[in-house]
Amino acid sequence: MNILSGLSYEQIYVINSIKKICILKNIDAYIVGGAVRDALLNAKVRDIDICVTKDPKLIVESLEEIKEFKYYSEFQTASVEFKRGVSIDIIRCRREFYPEYGTLPKIIPSDINHDLFRRDFTINALAYDLKYYKLIDLYGGIGDIKNKLIRKIHSNSYEEDPTRVFRAIKYSIRYKFLLYDRDEIISCASKGIFKTISNDRIAKEISLLCTEKNWKDAFLLFARLNIFDLNCNLIGKSNPVVNYDHVNIRLLNLFYSFKDKRDADILVDNSIMDSDLKKSMMQLKNIDVENFLKETIDNYEIFRQLKNMSRYELAYLSWNFKLTYKIYNYIYNLKDCILCINGNKVKDFGIKDGKSVGSILRYIKKLKLNTGIEKDLNRRDIQNALEYKDRKF
Ligand code: ATP
């Protein structure tokens with residue numbers, strides 16, 4: 001089976017240039033992982049990983065048409081960006097050991113067999129030998145692609161690296177494949193395996209899941225596999241204020257769907273996610289949403305309560321159906337309301353005391369926010385303002 005036919009002309013050109021150097025330098029080279037999987041699925045191949053049996057530096061030093069490259073000596077990995085717009089990671093074949101569950105693995109250079117064994121799922125443990133044009137499938141990955149299954153390769157895989165649970169969910173929702181290890185994942189989740197990894201690693205995987213087209217299915221799987229206790233009715237809840245095209249709104253929706261807000265610490269306490277979003281989530285943990293704004297219909301009061309809120313806080317509050325149209329009204333009608341008059345104009349009417357000037361301006365603003373009217377100021381308005389300044393609408 002030739003997987004190269006599924007790649008673009010530019011990708012094939014670059015792969016061939018790497019292959020030529022490898023043959024000259026007696027290095028074995030294999031396309032591995034997602035590129036092989038996606039080519040077999042007839043899906044668009046984005047990132048290409050090539051595993052090699054010597055230090056990738058030996059290849060990069062002979063490559064032409066490189067735009068930029070980074071070399072990570074600790075992992076013997078080179079990330080190369082070519083002028084043709086193709087990016088390729090060249091990685092030394094390796095064996096991995098986990099000194100403790102949940103820690104990062106120790107790496108020892110090795111051959112392609114060990115390199116495939118270290119991988120997460122059978123569908124990702126496929127290699128395409130560039131010298132002999134043949135597929136290497138040691139764990140039944142091709143069969144699992146045909147049968148639409150996500151299946152781990154080695155025992156204790158999920159305990160060893162709990163991020164694989166999130167990765168399994170990612171592939172399952174992306175390709176609509178079944179989780180072969182479903183029962184094991186549920187059992188691992190109930191044993192608390194996620195406690196062995198940092199919030200950063202979990203937040204990274206969740207953020208990646210949120211970039212998937214079927215992100216809502218991922219959240220539903222979180223609930224079904226007991227990874228998080230979620231209120232499924234709230235997942236992907238739509239209203240005229242929220243726009244789920246933004247990944248941060250999807251993350252916020254997960255935060256909103258947690259039954260116990262203490263679970264949300266993963267989303268709040270990490271260094272991966274957007275700091276404005278995390279700050280908003282912190283604030284929201286302390287708001288009593290049920291009572292917030294529920295009673296008032298005074299636009300000025302609504303304006304006052306919401307004016308310091310971030311767009312994330314507003315989106316979050318809007319999921320409460322009692323608040324949706326108040327938030328909508330604030331965003332589209334109240335937020336940008338500017339008065340034509342200012343303090344100087346009030347003073348022209350002989351009002352000198354700063355407090356009274358402030359009260360009059362507030363009254364005019366209340367009037368404008370609640371009626372939409374702001375006419376040129378006259379003495380009568382001033383009198384009304386002073387008389388009714390503290391009245392509620
Ligand atoms: P995507 O299309 O989501 O980018 P990918 O397969 O290219 O999918 P990467 O995260 O780029 O995924 O990883 C590249 C390869 O490295 C995977 O195909 C898999 O074989 C291996 N891999 C990545 N993360 C792990 C992990 N936590 N445990 C084992 N193998 C992993």
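The figures here come from the full heavy-atom set of this structure, side chains too, leaving out hydrogens, waters and symmetry mates. The first residue in the sequence is number 1, and the count goes up from there.
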**OP:** Would you please name every residue forming a ring pair (Phe, Tyr, Trp, His ring centres under 6.0 Å) with Phe258, sequence neighbours left out?
**Re:**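 For Phe258, the residues satisfying ring pair (Phe, Tyr, Trp, His ring centres under 6.0 Å) (neighbours in sequence not counted) are Phe228.
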
Original post:
What residues form a ring pair (Phe, Tyr, Trp, His ring centres under 6.0 Å) with His154, not counting sequence neighbours?
Top reply: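 So His154 forms a ring pair (Phe, Tyr, Trp, His ring centres under 6.0 Å) with Phe117.
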
Answer whether the closest heavy-atom distance between the side chains of [X] and [Y] falls below 4.5 Å.
| X | Y | answer |
| --- | --- | --- |
| Ile112 | Val32 | yes |
| Ile3 | Leu126 | no |
| Phe194 | Val165 | yes |
| Ser110 | Asp115 | no |
| Leu116 | Tyr139 | yes |
| Leu104 | Arg201 | yes |
| Leu277 | Phe255 | no |
| Leu135 | Asp137 | no |

**OP:** Begin with the C-alpha distance, continue with both residues' side-chain angles, and end with the deciding distance and a verdict on side-chain contact (heavy atoms from CB on, under 4.5 Å) for His114 and Cys93.
**Re:** CA-CA 8 Å; His114 279 135; Cys93 287; over 6 Å; no

Closest heavy-atom contact between [X] and [Y]?
| X | Y | value |
| --- | --- | --- |
| Ala203 | Met273 | CB-SD, 4.3 Å |
| Val357 | Lys347 | CG2-CG, 4.2 Å |
| Lys54 | Asn26 | NZ-O, 3.5 Å |
| Cys210 | Arg250 | O-NH1, 2.7 Å |
| Met309 | Leu314 | CB-CD2, 3.9 Å |
| Leu225 | Ala189 | O-CB, 3.8 Å |

Just by distance, do the side chain of [X] and the backbone of [Y] share a donor-acceptor pair under 3.5 Å?
| X | Y | value |
| --- | --- | --- |
| Asn253 | Tyr256 | no |
| Ser172 | Ala168 | no |
| Ser17 | Val14 | yes |
| Lys345 | Cys340 | no |
| Asp129 | Lys134 | no |
| Lys259 | Asp229 | no |
| Gln11 | Ile48 | no |
| Tyr244 | Lys237 | yes |
| Ser187 | Asp183 | no |
| Lys368 | Ile338 | yes |

Show me the donor-acceptor pairs, under 3.5 Å and distance only, between side chains in residues 55-65 and residues at least two apart or in other chains.
from, atom 1, to, atom 2, distance (Å)
Asp55, OD1, Lys57, N, 3.0
Asp55, OD1, Tyr71, OH, 2.8
Asp55, OD2, Tyr71, OH, 3.0
Glu61, OE2, Lys25, NZ, 3.4
Ser62, OG, Lys25, NZ, 2.9
Glu65, OE1, Arg84, NE, 3.0
Glu65, OE2, Tyr13, OH, 3.4

Do [X] and [Y] have side-chain atoms, one donor and one acceptor, less than 3.5 Å apart?
| X | Y | result |
| --- | --- | --- |
| Glu313 | Ser310 | yes |
| Asn239 | Thr324 | no |
| Asn248 | Tyr312 | yes |
| Asn199 | Asp265 | no |

Subject >> From CA spacing to verdict: side-chain contact (heavy atoms from CB on, under 4.5 Å), Met281, Leu252 >> reply: CA-CA 8 Å; Met281 288 178 181; Leu252 188 70; 4.3 Å; yes

Separation of [Y] [atom2] from [X] [atom1] (nearest 0.5 Å):
| X | Y | atom1 | atom2 | value |
| --- | --- | --- | --- | --- |
| Ile185 | Ile227 | CD1 | CD1 | 7.0 Å |
| Asp28 | Asp111 | CG | CG | 9.5 Å |
| Arg167 | Asp120 | CZ | CG | 4.5 Å |
| Glu10 | Phe82 | CD | CZ | 11.5 Å |
| Ile23 | Lys131 | CD1 | NZ | 6.5 Å |
| Arg151 | Ile123 | CZ | CD1 | 11.0 Å |

Hphob cluster co-occupancy, [X] + [Y], side-chain heavy atoms under 4.5 angstrom:
| X | Y | value |
| --- | --- | --- |
| Leu209 | Leu267 | yes |
| Ile153 | Tyr180 | no |
| Ile21 | Ile66 | yes |

**OP:** For the residue pair Phe219 and Phe222, categorise the inter-ring angle as parallel (less than 30°), tilted (30 to 60°) or perpendicular (more than 60°).
**Re:**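 Ring orientation, 0 to 90° scale: parallel.
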
Original post:
What pairs meet the side chain to side chain donor-acceptor pair (under 3.5 Å) rule with one or both residues in residues 202-221, with sequence neighbours excluded?
Top reply: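 Qualifying pairs, neighbours excluded: Arg174-Glu212.
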
Original post:
Does any pair with a residue in residues 89-108 pass side chain to side chain donor-acceptor pair (under 3.5 Å), and if so which ones, sequence neighbours excluded?
Top reply: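 Non-adjacent pairs meeting side chain to side chain donor-acceptor pair (under 3.5 Å): Gln76-Arg92, Thr77-Arg94, Ser79-Asp89, Glu96-Arg118, Tyr98-Arg164, Tyr101-Asn156.
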
**OP:** Show your working on side-chain contact (heavy atoms from CB on, under 4.5 Å) between Leu284 and Ile287 and close with a plain yes or no.
**Re:** CA-CA 5 Å; Leu284 286 162; Ile287 292 183; 4.1 Å; yes

Subject >> side chain to side chain contact (heavy atoms under 4.5 Å, CB included) partners for Tyr175, two or more places apart >> reply: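 Checked Tyr175 against side chain to side chain contact (heavy atoms under 4.5 Å, CB included); matches are Arg37, Asp38, Leu41, Tyr171, Phe177.
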
**OP:** Report the C-alpha separation of Asn333 and Asn299 in whole Å, then their side-chain angles, then the decisive distance to 0.1 Å, and conclude whether the side-chain contact (heavy atoms from CB on, under 4.5 Å) test is met.
**Re:** CA-CA 10 Å; Asn333 299 321; Asn299 279 346; over 6 Å; no

